[in-house]
Structures are given as C-alpha cells and as structure tokens.
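The next block holds one structure in the form of structure tokens; read it before the comments.
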Amino acid sequence: MARDYTLHRKPTGPASGIDYRAELNDEQFGAVTSSPGRALVIAGAGSGKTRTLTYRVAYLLDQGIDARHILLLTFTNKAAREMTERVRSLVPHDVSALWSGTFHSIGNRILRRHAEELGFTKSFSILDTDDQKSLLASVVGSMAIDTKVRRFPKADVLVSMFSLERNTGEALKDILAVRYPYFDSWQREIHEVRDAYARRKQETNSMDFDDLLLKTLELFRDHPDILALYQQRFRHLLVDEYQDTNSVQSELIDLLAAGGSSVMAVGDDAQSIYSWRGADMGNILSFPKRHDGCRVFKIETNYRSVPEILELSNAAIRANRSRFEKDLRSSREVLGVKPALVPLEDPSAQAQFVAQRILELRDEGVPLEEMAVLYRAHFQSLEIQMELTSRGIPFAITSGLRFFEQAHIKDVAAFLRLVTNRRDEMSFKRILQLMPGIGNKGAEKLWSEWRKSGAATAEEAPDWPAALALKGVPKKAAKMWEQLGYILAEMTPGGSFARPGDMIYSVLEGMYDDHLKASYDNYENRRSDIEQLMAYASQFEDILEFLSQLSLLGGADGEPGGKREEQDTEKITLSSIHQAKGLEWKAVFLVWLADGAFPNGRIIEADDEAMMEEERRLFYVALTRAKDELYLSYPLINPKSYSGEVIQRPSRFLDDFPKEMVEEWNVSPRWGDSWEVDEPF
DNA sequence: TTATCCGCTACGAAG
DNA sequence: TAGCGGATAA
C-alpha cells in the first residue's frame, strides 16, 4: 500500500500582479485562466498565440505552480527563447527550473541523462544531415552494392527516405512504393542499408536528429519507471504550433500526459506547413478525441493585419478544401490602401523595385526593422541581396547555410567531438582527411586500426600521442599526425576536459590555422568565424552542452556571437517563409510569385492535391505576416533558368482572390536613372 | 590512392 | 552557379 504524501516546496515567488482580465481579450482570457486539464486552443494568425501561451505560464506560476512542473515545447529555438524571455519579463518568479525548448533539444536533454539505458553513453555525438550522408555513403560503400548497373539512391535521398519512415511511422516498404517507385527494385538493399546504418550509429555512439525524438519515445516506452519520473515532474505541458507535430512528437506528449498532467496544445490548422518532415494535421484534429474532457478554445480576433490584408488572406486560404471553417476578424481600422500586385520584367527589376520601395518606405517613417522580404526558397533571395548590398541597405538574412554547417566550423567541432566521444567515426575520419596524403580510403583504414587498438572504447582517458601510434600513417602526414597527438592531449589535461573555448584555441593554433591558410583563399573570413565560435564557446563550462547547442541551434536564429555592433544598426529582414512563421512586420514584400517558383515546380509536377494545399497554407502564412503593407511581386521572365530564358506565368495562388482586392502597379523603367514607379493615383 | 580538373546537371522547407 | 561524378595526372 503506497502512501500519498505531498511535499510543500516554498513558493517560487510572489504573485505577478498581472490584471489578466484587463490585458487579455475574452477569448484569450478564457484559455489563459482555464482550470487544469486538457485544452486545445485554435488560434488564428496574429491572434496573440504567443501572448496566450506566455500569459498561461504566468497564470500557472501565479496559481502557485512550481516552475519545475512546467514544460513548454516549441518548434524553433527562436520561439523558445522568445517565450522564456517574455515570461521572465512578465513575472517576478524564478523560472530557471522551467524547461522550455524545441522538441529536439528537450529530447537531447532527457537522453543525455538516460543514455546508458539505451546502450549509448551520455557523451553521444549528434549527427547532422551532412554527417548522416557521409555515414550512409560509407555504409553503402561497405555493402558491395553494384550501383553502376542500376541507379541506387544517393545518400541524401536515403536520408529523406529513412527520415520519412521514422517520422510518419509508415513502413519503409510503403514509402518506397508510393514516393520512390523507381527505386522499388532495390527494396531489399535499401532495407539492409537502413539496418546497417542503425547499427553504425549505435557502434559509434551517435544519434541523428530523428533519434533525439524517437529514442526518447523508446526510452519512455521501455522504461515505465523513467516515464513515471517525467510524468511526475511535468504536471503542465504546453505545446506551441501543435498543428506541426508529427506522430512521434504527438505520441511523446500523449505519453507524458498519460500520468494525468494538464496539456494545453496551441495551434492553427491553416498554418500547418511541415508535412514534408512528417507533420500530421490529423494530430490537432483528433486531439479532443484522444484527451478526455478536452475543452476547445477558439481565438479569432486578429490584432496584426489591416482588414485589406486580412481579407485577402482569408480569401486565399478559402481555396483549400481541407480546413476548419474559420473567419478571422481584424480588430484594426481600414487603412485605405490595398495590397500591391507588382509584375516586373525580370528578377533584377524585381530586386530594384524592392530596394527602391524600401528606401521610400523608410523615408515615410517605417523603420527598416519593420520590413521584410519573404520568399519560398533561399536561392530566390540572391538578386535582392546583391541589390541591397549595392545600395548600402543593411539586411539580416536567415541564411540557407547554417553557421555551424560550414566546413571549417564542422572541422573544428570534429576535434571536440572526438575527445568527448572516441567512437565518433565521422569526426575521426574528418580530422584525418585534413591531412595530406589521407583521403577516403586512408581514413577508412586508419579508423579500423584505431578501433582495433582498443583506445576507441577504452574506459579511461588515453595518453593521446601514444594512442595514436597506428599502422599505415602516410609519411606525408607524419608531422601533422604527431601534432594531432599533442593537440588532443592539450584538450584533455590530466584526463579531464579543458574548457570549450580553450579547446578551440588549441585546435586553431595547434593545427587548423595552417590548414586554413593552405586550403582557402578567404582565410581571414574563416579564421574570424572560428574566433567567433571561440567567443561563443567561452560562455559554456560544459563541453557536452556546448556541442549540443552547436548541433541544435540553427544559424538562422542562433548565429553564435553575432557581431555586437551590427546588432544595434537597423536592418531589414530577408527570410524564407518557413522561418518567418510566427513573426510580423509593418511592410512585407513577397517575391517570386511565379508558377514553378511558388508554388514550387516539383509540387506542380507531382499533381497532388494535399501537397498543393500545404503550399497554399505556406502562401497564407506569408500573407498574414504583414501588418500594414503588402507587396506581391513576380518576374515575368527568368533569364537564369538552366533551360535558358523562360517566360513565367504568375502564381496560380494569385487567382484565388478577386482582382479588386489588390491594386496592380505598372512599373516602367527609366534608363540612365533609377526606376520610376507609376502609382495609379 | 590521392589530388585535380572539367563538363554536366539541378536549383525546397528545419532541427 | 555550385556541386557532383568521372577521367586523368602525380
């Protein structure tokens, strides 16, 4: 017989004194102050979703809930950071015990604590897409598959196949049949590659991004005692962007909630744009069914956009068949200016138009911070970047290549990964291939020597220079090889780990700086990137935490360091629509609205209704980012298309709303001068 | 086996 | 235009 006993912890702080009634509208108030239990909040674009969630956290704290009982899950690091900050500024409570983060980062946190139960050590490495590709290439290479006779899927295709399988829970066989019929004849081999890949990850003590979710789920399923631990701890679960959860994420929540915790899931079906990584709108639709006594709150007042923009958005999304009927009402006054529809001759004219209009808006008093250029895919920002640069307009771009995915950053990180996880095959080989005379094959050989030597799996820290006495080191590499021993020894003084920042210093000065000078023409840039990384690293005491952050933080919102002076200067934002989700600006330029660019050509070809509807939701997300002014533009000709000069059709999404909702601008060039914009009135 | 050069192709979104 | 795979030189 167990006895229930309650531990009364001292309250984490005084009441916040927030007047919830006054600071929230009725719809928000209802959700924020709802009693514990299960709740689904359907919150339209711009309706104060973040506000609702952060006030909910504040409300829970005010009710005397211990911060450590709250788990706040988001999809992006930026959202996590923003919410934590807003909560911090809202309440006087100490919230350091509150867990908030992306699903992946929370998974990582849990897995580090219990890695042993799954046959890993807590210093497991995290493989990014790049590492996954190399590992898969190595797996395929070792399997004697004759890729010459018939085309075998390339590593990046394999990555998406396996990822889709794991994130949707569908069988690989079915995924192949439906999405990759042309590889169906390789079915047996693909399954073998998948299994060998899983074994290699285990052997090398590494997890990929999908593992961070799936292994957490596995941990909970196979270890009821551990699950119970977290069920007890997290009495209040809050999930942002619930419509974008995939089967693994939704199951994780359901499992955690099964112990009787409260759950508040917030989302908007019209903004579900991640099905390509397994997101399933069905999760939000069936949420009330899966959770007993679930209450549904709808928040439909839009505070963001003027009626002209909101009506256009509503009309655009209405073209989708599968959606909840929902009409957002704008709380704002009619502005009297319609969104602009701007056809332009070609991409460079489009870039010039955007740049010129940005300057005009700034003269009218709109700060650069309040403007954004959005596009479907990163490469579509190229001309605009060049134009802004040449006109001296400062911009911040959420770049396609993340900071930590650049080769030189990954090279340096490989050293740190290797000292924390000596079974890290990818890092070991990566370091070796920096040396002259060692390529793919050489690295492979030395890796197996290294494994044979036993140092890879030894319990205690190796004497590095001695441990590296391996057979088969080419003469050309001998000098650097010796140097490597010293560097690794320096990184692990007395068998413990040096500080992350010092480790990077050792790598840079001990060896990598020479490599940079020898291999790249932009040595200075790369060196300063690494110095930036060093500065960022010195905020960390714990090497494992630093490496986790490096893998989990996108350069998009977490560019390490970020030059301080630059942060003060006013900048306009360039961003993909996916990354713009949840953000807002006074003026938004949505560019490249041409069929084939947006909607994306592959989706047009696929001729799949569901995919097209998701694309349209993406369009909707873009439109609803704008508060006051919206410019929809497209180039008529694409001269840089690889099939030569191509005349483009305007995006089919532009047909989804009546022409009267926009004002068409005729832009004509004036030569020898800047472009002139003829406004109809 | 590695390093380099050259022609050909494809150009999606994120943790 | 970069990023590759294949061919060739070292």
Side-chain angles (χ1 to χ4, degrees), chain A residues 73-80 101-108 126-133 137 147-148 151 154-156 159-160 163 167 207-214 241 244 246 248-249 272-279 347 374-383 386 398-402 404-405 407 432-433 435-446 472 474 476-477 518-519 548-558 575-581 592 596-606 611 614-615 617-619 621-622 638 640-643 646:
Chain A
L73 288 162
T74 62
F75 273 78
T76 64
N77 294 297
K78 184 187 253 167
T102 61
F103 279 90
H104 290 88
S105 76
I106 298 293
N108 173 60
I126 297 176
L127 304 178
D128 67 17
T129 316
D130 226 50
D131 301 321
Q132 282 184 283
K133 276 196 235 167
T147 57
K148 292 235 169 63
R151 268 187 118 64
K154 293 205 193 104
D156 54 339
V159 168
S160 30
S163 184
N167 284 310
M207 296 199 196
D208 59 31
F209 284 131
D210 296 333
D211 286 325
L212 295 180
L213 304 179
L214 263 152
E241 309 278 17
D244 281 328
N246 63 30
V248 185
Q249 291 160 326
S272 170
I273 52 175
Y274 282 98
S275 75
W276 45 272
R277 63 173 205 203
L374 306 182
Y375 35 81
R376 170 73 237 253
H378 281 294
F379 70 86
Q380 295 168 342
S381 68
L382 235 141
E383 289 91 357
M386 294 192 308
T398 59
S399 100
L401 227 210
R402 295 177 207 191
F404 72 85
E405 277 176 352
L432 264 51
Q433 291 193 48
M435 304 190 184
I438 302 181
N440 209 332
K441 298 274 161 139
E444 195 79 47
K445 271 206 195 99
L446 284 160
K476 273 198 263 182
S519 318
S548 296
Q549 287 297 309
L550 205 57
S551 304
L552 295 169
L553 273 191
D557 47 41
S575 171
S576 71
I577 302 171
H578 279 91
Q579 288 188 334
K581 191 174 179 191
W592 275 102
F598 191 17
N600 181 283
R602 294 186 191 183
I603 285 163
I604 298 174
E605 275 169 47
M611 283 167 82
E614 169 146 330
E615 199 77 351
R617 287 195 292 272
L618 193 59
F619 181 56
V621 168
N638 183 5
K640 277 211 313 218
S641 163
Y642 52 90
S643 43
V646 158

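Chain naming here is simple, since letters A, B, ... match the order of the sequence lines and numbering starts at 1 in each. Keep in mind it's a predicted model, so treat the numbers as computed, not measured.
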Interatomic distance where CZ belongs to Arg277(A) and C1' belongs to dA13(B) [whole Å]: 9 Å
Donor-acceptor contact present, side-chain Gln579(A) to main-chain Ser576(A), <3.5 Å: no
Contact summary for Ile438(A) and Ala443(A), nearest pair of heavy atoms: CG2-N, 3.6 Å
dC11(B) and dG6(C), which share atom name C1', separated by this distance in whole Å: 22 Å
Set of residues satisfying side-chain hydrogen bond (donor to acceptor under 3.5 Å, both in side chains) with respect to Ser275(A), sequence neighbours excluded: Glu614(A)
Touch class at under 4.0 angstrom, heavy-atom based, for Phe75(A) against every strand present: sugar-phosphate
Phosphate OP1/OP2 of dG15(B): any Ser551(A) side-chain N/O under 4.0 Å: no
Tyr274(A) and Phe75(A) aromatic ring geometry - parallel, tilted or perpendicular at 30°/60° bounds: parallel
Length of the line joining Gln132(A):CD and dA14(B):P, which is rounded to integer Å: 16 Å
Arg602(A) CZ to dT9(B) P, straight-line distance once rounded to whole Å: 17 Å
Check: dG15(B) base within 3.5 Å donor-acceptor of Asp128(A) side chain: no
Tyr274(A) aromatic ring stacked with six-membered ring of dA14(B), 5.5 Å and 30°: no
Phosphate contact (dC11(B) OP1 or OP2) by Arg376(A) side-chain N/O below 4.0 Å: no
Rounded distance [0.5 Å steps], CD in Gln433(A) versus CD in Glu444(A): 9.0 Å
Whole-Å gap separating P (dA14(B)) and CD (Glu241(A)): 14 Å
Side-chain donor/acceptor of Trp592(A) to backbone N/O of Ala597(A), under 3.5 Å: no
Between dC4(C) and dA13(B) - P atom distance, rounded Å: 16 Å
Grab the N/O contacts between the protein and nucleotides 2-8 of chain B below 3.5 Å, and write none if there aren't any.
| from | atom 1 | to | atom 2 | distance (Å) |
| --- | --- | --- | --- | --- |
| dT2(B) | OP1 | Gly439(A) | N | 2.9 |
| dT2(B) | OP1 | Gly442(A) | N | 2.8 |
| dT2(B) | OP2 | Lys441(A) | N | 3.2 |
| dA3(B) | OP1 | Gly437(A) | N | 3.1 |

Atom-pair distance (CG on Leu382(A); P on dC11(B)), nearest Å: 16 Å
Length of the CG-P vector between Asp156(A) and dC4(C), whole Å: 9 Å
Closest approach of Thr74(A) to Ala80(A) (non-hydrogen atoms, all atoms of both residues): OG1-CB, 3.4 Å
Touch class at under 4.0 angstrom, heavy-atom based, for Leu212(A) against every strand present: nothing
base_contact_polar (dG15(B) base, Thr129(A) side chain, donor-acceptor, <3.5 Å): yes
Leu214(A) CG to dG15(B) P, straight-line distance once rounded to whole Å: 18 Å
Phosphate contact (dC11(B) OP1 or OP2) by Gln380(A) side-chain N/O below 4.0 Å: no
Geometric class of the Tyr375(A)/His378(A) ring pair [parallel <30°, tilted 30-60°, perpendicular >60°]: perpendicular
Lys445(A) or Glu615(A), whichever maps to the more 5' nucleotide of DNA chain B: Lys445(A)
Value in whole Å for how far the P atom of dG12(B) lies from CD of Gln579(A): 15 Å
